[in-house]
Amino acid sequence: MNLPASESRNGRSPESPPLSARALVAAGALLAALAVALSAYAAHLADAHSQSRLQTAAVFAFGHGIALAALAPSARRVLTRLALLAVLIGVAVFSGGLAAAYFFNTSTGLLPFGGSLLILAWLAYAADALRR
């Protein structure tokens, strides 16, 4: 079977991002979708006090989801992908922790770790960008 030069046996072009980068893109898109749903829930069903926390969780999830979806395809270096993975984990801990506190009445004790991980992840991404 002769394949076009721009395709490999798995149907992707040889220049397509690695699986880990594609997984980050998918996770970013999922985060954005969940953020929209969470924002709608907060606006229509949550009490006034809880709306602020849920909207904060939604804003963080949406912004970081879009960032992952946009940045991951060009993440060819391992450090870049690790920094973006740390962004994903950080936003999951931070936004997920805010949402879990509302829905499951869990502690918000881990939220500072999620926020700190987000800061460190973006600093690592910036440092890696300067090394390119």
Side-chain angles (χ1 to χ4, degrees):
M1 178 169 111
N2 291 335
L3 294 173
S6 63
E7 260 189 49
S8 66
R9 291 201 182 277
N10 61 10
R12 292 184 295 120
S13 70
E15 301 84 32
S16 66
L19 177 60
S20 58
R22 295 193 321 274
L24 286 168
V25 171
L30 181 60
L31 268 177
L34 290 172
V36 172
L38 183 59
S39 182
Y41 180 90
H44 298 291
L45 298 171
D47 61 87
H49 173 71
S50 300
Q51 279 182 346
S52 176
R53 283 183 146 190
L54 293 176
Q55 290 291 2
T56 298
V59 166
F60 268 75
F62 188 77
H64 288 89
I66 295 299
L68 286 171
L71 297 174
S74 62
R76 304 255 187 254
R77 294 163 50 98
V78 172
L79 183 55
T80 307
R81 290 194 304 275
L82 287 175
L84 292 176
L85 177 61
V87 166
L88 176 61
I89 294 167
V91 78
V93 171
F94 183 78
S95 292
L98 282 172
Y102 174 80
F103 290 110
F104 307 113
N105 200 29
T106 60
S107 168
T108 56
L110 291 178
L111 270 58
F113 296 104
S116 297
L117 183 56
L118 282 169
I119 294 166
L120 291 173
W122 284 116
L123 290 173
Y125 185 87
D128 187 56
L130 291 173
R131 292 181 57 210
R132 288 184 206 148

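- Summarising the geometry of Ser50 relative to Ala46, their closest heavy-atom pair is CB-CB, 4.2 Å, with the distance given to 0.1 Å.
- Under a hydrophobic-cluster definition in which Ile, Leu, Val, Met, Phe, Trp and Tyr are linked whenever side-chain heavy atoms come within less than 4.5 Å, directly or via other members, Leu68 and Leu85 are assigned to the same cluster.
- Think of Tyr41 as one node in a network of Ile, Leu, Val, Met, Phe, Trp and Tyr side chains linked at under 4.5 Å; its network also takes in Leu38, Leu45, Leu54, Tyr102, Phe103, Phe104.
- Clustering ILVMFWY residues whenever any of their side-chain heavy atoms sit less than 4.5 angstrom apart, transitively, puts Val91 in the very cluster that holds Leu110.
- Of all non-hydrogen atoms in Ser39 and Gln55, the two that sit nearest each other are OG-OE1, 2.9 Å.
- Exactly one of Leu84, Leu82, Leu79 qualifies for a side-chain contact (heavy atoms from CB on, under 4.5 Å) with Asp128. That residue is Leu79.
- Heavy-atom minimum distance, Ala21 versus Ala72: CB-O, 3.2 Å.
- A donor-acceptor pair under 3.5 Å links the side-chain atoms of Arg81 to the main chain of Arg76, judged by distance alone.
- Proximity of Tyr125 to Thr80: side-chain heavy atoms (C-beta onward) are separated by under 4.5 Å at one or more points.
- From Thr106, atom OG1 reaches atom CG of Leu98 across 9.5 Å, with rounding to the nearest 0.5 Å.
- How far CG of Leu111 is from OG of Ser116: 10.5 Å, rounded to the nearest 0.5 Å.
- Shown here for Ala121 and Ala83, the closest heavy-atom pair between the two residues is CB-O, 3.5 Å.
- A donor-acceptor pair under 3.5 Å links the side-chain atoms of Thr56 to the main chain of Ser52, judged by distance alone.
- When side chains are defined from C-beta on, His64 does not count as touching Ser95, because their heavy atoms never get closer than 4.5 Å.
- Considering only heavy atoms from C-beta on, Phe60 comes within 4.5 Å of Leu118 through its side chain.
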Verify side chain to side chain contact (heavy atoms under 4.5 Å, CB included) between Val93 and Leu117, making sure each step is shown before the conclusion. CA-CA 9 Å; Val93 171; Leu117 183 56; 5.8 Å; no

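- You'll find the side chain of Leu123 reaches within 4.5 Å of the side chain of Ile119, heavy atoms only.
- The side-chain heavy atoms of Leu24 and Leu71, taken from C-beta on, include no pair separated by under 4.5 Å.
- Neither Ile66 nor Val87 shares a network with the other; the hydrophobic side chains, linked directly or stepwise wherever heavy atoms of I, L, V, M, F, W or Y lie under 4.5 Å apart, form separate groups for each.
- Of all heavy-atom pairs between Pro17 and Pro73, the closest is CG-O, 3.4 Å.
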